[in-house]
Amino acid sequence: MTSTEAITDSEDSGPSGYAAARLRLLQQEARSGPPRRAALARLTDDWLTGLFTAAAIRAGVRGAALVAVGGYGRGELSPRSDLDLLLLHDGSADAAAVAALADAVWYPVWDLGLALDHSVRTPGEARRTAGEDLKVQLGLLDARPVAGDLGLVASLRTAILADWRNQAPKRLPALHELCQERAERTGELQFLLEPDLKEARGGLRDATALRAVAASWVADAPREGLDRARRTLLDARDALHLTTGRATDRLALQEQDQVAEALGLLDADALLRQVYEAARTVSYATDVTWREVNRVLRARSVRPRLRAMLSGSLGGSKPAPERAPLADGVVEADGEVVLARAARPDRDPVLTLRAAAAAAEAGLPLSRHLVRHLATTVRPLPVPWPPEAREELVTLLGAGEATVGVWEALEAEGIITRLLPDWERVHCRPQRNPVHTWTVDRHLVETAVRAASLTRRVHRPDLLLVAALLHDIGKGWPGDHSVAGEVIARDMATRIGFDQHDVGVIATLVRHHLLLVETATRRDLDDPATVRSVAEAVSSASTLELLHALTEADALATGPAAWSAWRASLVADLVKRVAAVLAGEAPEETEEEAPSADHERLAVEALRTGEPVLTLHTRPEEPVGDGEVEPVGVELLIALPDRPGVLPAAAGVLALHRLTVRAADLRAVELPNEMGESADLLLLSWRVAAEYGSLPQAARLRADLVRALDGSLDIRARLAEREAAYPRRRGVKAPPPRVTVAAAGSRRATVIEVRAQDAPGLLHRIGNALESSAVRVRSAHVSTLGANAVDAFYVTGTDGDPLPELRAAEVAREVEKALG
């Protein structure tokens, strides 16, 4: 059915007929993608043509045309797209008649509830406005006649294109700046969990900007895959519009599964991966194109002076660009890395990695033509790789920030997956944990970049860099990604050409890349079993050294919430203890670490008064590295005689005062009293932050803690009242909490691990559940990672011994039930 027939089948060609035909078109499941967008544009053209033609006759206006601009001009109408229209007239008609004509077109559009961006101009006015407003000029580059005087539109298009090409040296830098500002504001589409398909970098705006650059005749974008990428983004936006019924470009989490289903994809991850792939294509084309634009404009600006200087001595001949050698078969020319004239890609399988390493070391981009040529002509590397290839890969990974651009250029042409076939599994793979900034593949490269700055700390920087590149390679496979990754990394390291010993080290690093940070933040480091378990896993001091550096690089490459001075100090402390064990110094079976000076002062006061004593103060900023500092936040220290209910009471009081617990440590210690006898005390160290507003007074916290402990303050009821007073935020549903017993976690206590969505009062509920289970909390180690709470509680029975296996499992189930 044609668009004209769709309207004819309706009762009339007015708004109701168009609306009915439009609805039928959008409900046709068999028609989607470019055909539907084009059909919707034609349907709209036909309707507007009828409106315009009838109105022009009534108003007596000649020499006028209705022009579609922007996306409508390109014939790319999504279900909820704006209609961008220009009423163009030659100025011969009376102004009132032109206004009447405009009203006769605009009002029916508004009556249907369609968004409309409209203007009324003569050709001269249109050119002047375009000269003053870059966005108007960009929209007119896609001008297309809908109805009326076609010659008037053709002459305007010719003039606008001529102006655009003549003004390119001034307009293109302005467009580039506009694109950069938008990217800084909206982020990179290929890494966002809720991307804006239009505005984010690599989205539809950038694709449109590339069309404008091509129209300037200054440079052209790489065409390979670009049209397909635009179609993917437009298809996703169509499905988003139909799913939500709104004119939105933001792919929100709660709508991704529905959009994926509408596109015939397996799930939201498949949708994001497809969108990320498209965005990456657009982003790469954008980088290459703007680099070429800058090169051409720079050459144009120096050419007149160069011609004047050389005309006398060289007879006006064009000088050859300088070519500086970088490596065997690779030179720099005009700010890019290109092949040397004597290079033989078909006989040199290492040339690709050599060119990439040379480019990264020099901080230069690979020429797009070079990368395409290498992708099609270089022979595959033998397996295992020769030593030179392995060395060039390590050089590439060790180049720091410059590695990223070079790696992306190789990925854009599929070279990385040919070198490392297992890379395909992580390519553009999203990470649902909001702590992560990047997709899996980019996170791996970023980890190598971070590791490059740590290579002076280790004896085998090559193993560190390759382990950094491979540490999350198991993501995308079933089960624990560290376990799967160990197998894959072993195969990949063998392929790259490492010997059996080095392969084993890399595999160990990948298997245990989370071991140090998880142990340091969730385990009691004073427990000898904790230190011994880590020592057994890493087995050697050299591997421990590498694992320490990998842990830091991984966390720094994850995102700002994954690393801090506090975490760094905990990991460093653990590494020091493990290194001592590996050196033959068995950890002593000490009971408890002596309290700090601040805690000892509070403990003495608590012993004297028999009541809780606390301090609340802001700790100074601590250095993180590279001259940066990190605000550690607020530290709350509490000391009080040991008694039941302390953990839930203290946690509940903090929640009532809107203090978010970032980290917490609870320890039971024995100190001598005035009589020389041992007295049991609880020492609590909390790192907290105010949800908003100022910090509460320490005296109020202490008073509420006393009331909570004696039962006069019903924390559970107060928290429930506050939660009921605030509506739940709409968003993706968090996974259910998981409570487990850590096997062989300690010989002195049973370790209960809790992983749950962080929320006010969470620690209070956990403490209540443990108290109800009649266990004693010997120590607690609480940490918050983004929206996730990852807590470990060392508990014993009332007799002070670890819990039997069945009893421990029962306690874990009770805590999980309380959190559900």
Side-chain angles (χ1 to χ4, degrees), residues 183-184 188 190-191 201 280 283-284 287-288 291 324 326-327 330 332 335-337 350 352-367 370-371 388-412 415-416 419-420 423 426 436-473 493 496 506 509-510 513 545-560 562-563 568 623-628 630:
E184 291 176 4
E188 294 199 54
Q190 61 176 312
F191 303 125
R201 184 175 186 272
R280 189 167 295 192
S283 293
Y284 176 66
D287 290 340
V288 170
R291 193 163 68 235
L326 294 174
V330 184
E332 174 192 353
E336 293 184 326
V337 175
V350 183
T352 298
L353 284 170
R354 191 185 310 122
E361 281 205 303
L364 295 170
L366 290 169
S367 160
L370 163 69
V371 180
E388 183 193 356
R390 184 176 68 253
E391 291 162 6
E392 296 293 358
L393 174 66
V394 171
T395 301
L396 169 60
L397 297 177
E401 293 289 345
T403 299
V404 175
V406 174
W407 192 274
E408 287 181 341
L410 298 180
E411 272 208 279
I415 291 176
I416 296 298
L419 289 170
L420 304 169
W423 194 260
V426 296
H436 277 275
T437 302
W438 312 106
T439 51
V440 177
D441 56 341
R442 178 63 181 273
H443 168 68
L444 293 175
V445 177
E446 289 287 337
T447 304
V449 169
R450 296 289 188 167
S453 65
L454 306 176
T455 51
R456 298 296 182 269
R457 284 176 21 184
V458 299
H459 291 88
R460 288 295 302 274
D462 56 335
L463 300 184
L464 171 62
L465 292 168
V466 173
L469 184 71
L470 303 181
H471 75 278
D472 274 347
I473 199 69
I496 292 170
I506 291 172
L509 294 174
V510 172
H513 69 272
E545 175 188 72
L546 290 167
L547 189 59
H548 188 190
L550 175 60
T551 299
E552 182 173 341
D554 181 19
L556 290 172
T558 296
W563 196 242
V624 178
D626 299 327
E628 298 181 6
E630 174 189 273

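Because the structure is a prediction, the values reported are computed rather than measured.
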Enumerate, atom names and distances included, each donor-acceptor pair closer than 3.5 Å involving a side-chain atom of residues 396-410, sequence neighbours excluded.
{"residue": "T403", "atom": "OG1", "partner": "L396", "partner atom": "O", "Å": "2.6"}
{"residue": "T403", "atom": "OG1", "partner": "G400", "partner atom": "O", "Å": "3.0"}
{"residue": "E408", "atom": "OE2", "partner": "R442", "partner atom": "NH1", "Å": "3.1"}

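- You'll find the side chain of D554 stays beyond 4.5 Å of the side chain of R450, heavy atoms only.
- Here CD of Q190 is found 5.0 Å from OG of S283. Values are rounded to the nearest 0.5 Å.
- Side chains of R280 and D441 form a contact here, defined as non-hydrogen atoms less than 4.5 Å apart.
- Considering NE2 of H471 and CD1 of I506, their distance stands at 14.0 Å, rounded to 0.5 Å.
- Considering all non-hydrogen atoms of both residues, L454 and A549 come closest at CD1-O, 3.4 Å.
- Nearest heavy-atom pair across V337 and L370 is O-CD2, 3.1 Å.
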Side chain to side chain contact (heavy atoms under 4.5 Å, CB included) between E336 and L364, worked out: CA-CA 6 Å; E336 293 184 326; L364 295 170; over 6 Å; no
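- The side-chain heavy atoms of Y284 and E411, taken from C-beta on, include no pair separated by under 4.5 Å.
- T447 is listed as a side-chain neighbour of L550, based on a closest heavy-atom distance under 4.5 Å.
- Residue pairs satisfying the salt bridge (Lys or Arg N to Asp or Glu O under 4.0 Å) criterion with at least one member in residues 457-470, sequence neighbours excluded, are listed as follows: R457-E552, R460-D462, R460-D502.
- Of all heavy-atom pairs spanning A451 and L464, the tightest one is O-CD2, 3.8 Å.
- Nearest heavy-atom pair across A327 and A358 is CB-CB, 4.1 Å.
- To the nearest 0.5 Å, atom CG of residue L556 and atom CD of residue E446 are 11.0 Å apart.
- Shortest non-hydrogen contact noted between A557 and W438 is O-CD1, 3.2 Å.
- Here the closest heavy-atom approach between residue H513 and residue V510 is recorded as ND1-O, 2.7 Å.
- For the atom pair T395 OG1 and L465 CG, the distance stands at 9.5 Å (nearest 0.5 Å).
- Between V371 and I415, the closest side-chain pair of non-hydrogen atoms falls below 4.5 Å.
- Considering CD of E388 and CG of L353, their distance stands at 9.0 Å, rounded to 0.5 Å.
- Note that CD of E184 and CZ of R201 are 11.0 Å apart. Values are rounded to the nearest 0.5 Å.
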